[in-house]
Amino acid sequence: MPAEFHTRTQVYEHGRRVPSAPRLPVFSSAFLGKDVIIERHLTPQSARYGEREQTNHTLFLYEGEPVRAAWNAAGKRLKGWLRSGRLWIVPRSMPHTSSFAGPHGGVILSITNPQIERHIGPFVGGRPFELAPEFNLEDGQLQHLLRALLAVAQEGSCDDTLVGELLVNAVCVRLAKRFAISKMNIVPCRGGLPTARLKRVLEYVESNLDKNITLTELARVANMSLYYFAVLFRQSTGLSPHRYVLSKRVERAKELLHDPKLSVLDVSMNVGFEHQNNFARAFRRMIGVSPTEFKRGCV
């Protein structure tokens, strides 16, 4: 997918909003409107960045050869070797400066405060959400989530909106659990969805397989928060919402592929896939053969 440069992450410098990096990103994409932006950057030389403030909460996952870096933030001067997989957490509106003693780059994830609060609302009890700054952090879970979110964005279609939302939800919950200034009390939830709510959600999925089903919409049907819905749905079905919807799409596709009047492309569109190659990949992964091979065997 071409980089959507109009969605670039931004900072405030000298009272003006400017792009967070001087060069165009290698890749840029927005989730959930423009509330979540993920980018990959590469700067081929050393750089010093003057005092700036992020417009949104920002995570930076460093990728590349080790490089010496420094960061001034929250009254502290921090420096050290950055290695691939290390993370920075930069709260919105926090003045900071940074420098890199060589080529540098990585993945930037920008999340608006309203988006984070939407995901963690049940845990904050009306209190404002504040992140603690972190430099050169090792966190395998956040690293995995950012790379997975980048991979989903690079797919370039809305077919994976649901899994994208689940990953954003997981990022927000991880930040709330581990890196909020006021730690959140996230109570484990058990027992699955109540029967009536589960029935409403499953019926909604069956009726909307040809549409772009989102986590937000499923949680609304269940009348639950995003986090608790995702956890309890897995407990009830043994699958994440994304995997469940995908399995239902493929089941419906198998039925439709028996119809000689429908092409593989027709079936792909009828089960909610924007792009036929994404449909083929998902179908092969679950059934073991491509949709074309399956349809040929139905003749």
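When a residue number appears, it is its place in the shown sequence, counting from 1.
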*State plainly whether the residues R220 and E217 are in salt-bridge range, i.e. N to O under 4.0 Å.*
yes

*Mind telling me whether F100 and W88 have parallel, tilted or perpendicular rings, with 30° and 60° as the class edges?*
parallel

*Can you say whether the rings of F233 and F229 are parallel (under 30°), tilted (30 to 60°) or perpendicular (over 60°)?*
tilted

_With L109, the side-chain contact (heavy atoms from CB on, under 4.5 Å) member among V36, I37, T9_ = V36

*Can you measure from CG (N56) to CG (N113) and round to the nearest 0.5 angstrom?*
8.5 Å

_Is it true that E39 and H41 share a donor-acceptor pair across their side chains at a distance under 3.5 Å?_
yes

*asked:* Please check this pair: side chain of R197 against backbone of N223, looking for a donor-acceptor N/O pair closer than 3.5 Å.
replied: yes

Name every donor-acceptor pair, under 3.5 Å, that has one atom in a side chain of residues 65-81 and the other anywhere in the protein, sequence neighbours excluded.
residue	atom	partner	partner atom	Å
N72	OD1	R77	NH1	3.3
N72	ND2	T97	OG1	3.1

*Output, in order, the C-alpha distance, side-chain angles, deciding distance and verdict of side chain to side chain donor-acceptor pair (under 3.5 Å) for E165 and T216.*
CA-CA 8 Å; E165 280 192 280; T216 300; 2.6 Å; yes

*Give a yes or no on whether a salt bridge exists between E251 and K254, defined as a side-chain N under 4.0 angstrom from a carboxylate O.*
no

_Lys/Arg N to Asp/Glu carboxylate O, E53 vs R92, below 4.0 Å_ = no

*Using a cut-off of 6.0 Å, state whether more than 12 heavy atoms not belonging to R200 lie near its atom CZ.*
yes

*Indicate whether the side chain of Y12 and that of R17 have a donor and an acceptor atom separated by less than 3.5 Å.*
yes

_Within the supplied structure, the quantity of interest is the number of heavy atoms (other residues, nucleotides, ligands) at a distance under 6.0 Å from M286 CE; does it exceed 12?_
yes

*Has the side chain of S236 got a donor or acceptor atom that lies under 3.5 Å from a matching backbone atom of L193?*
yes

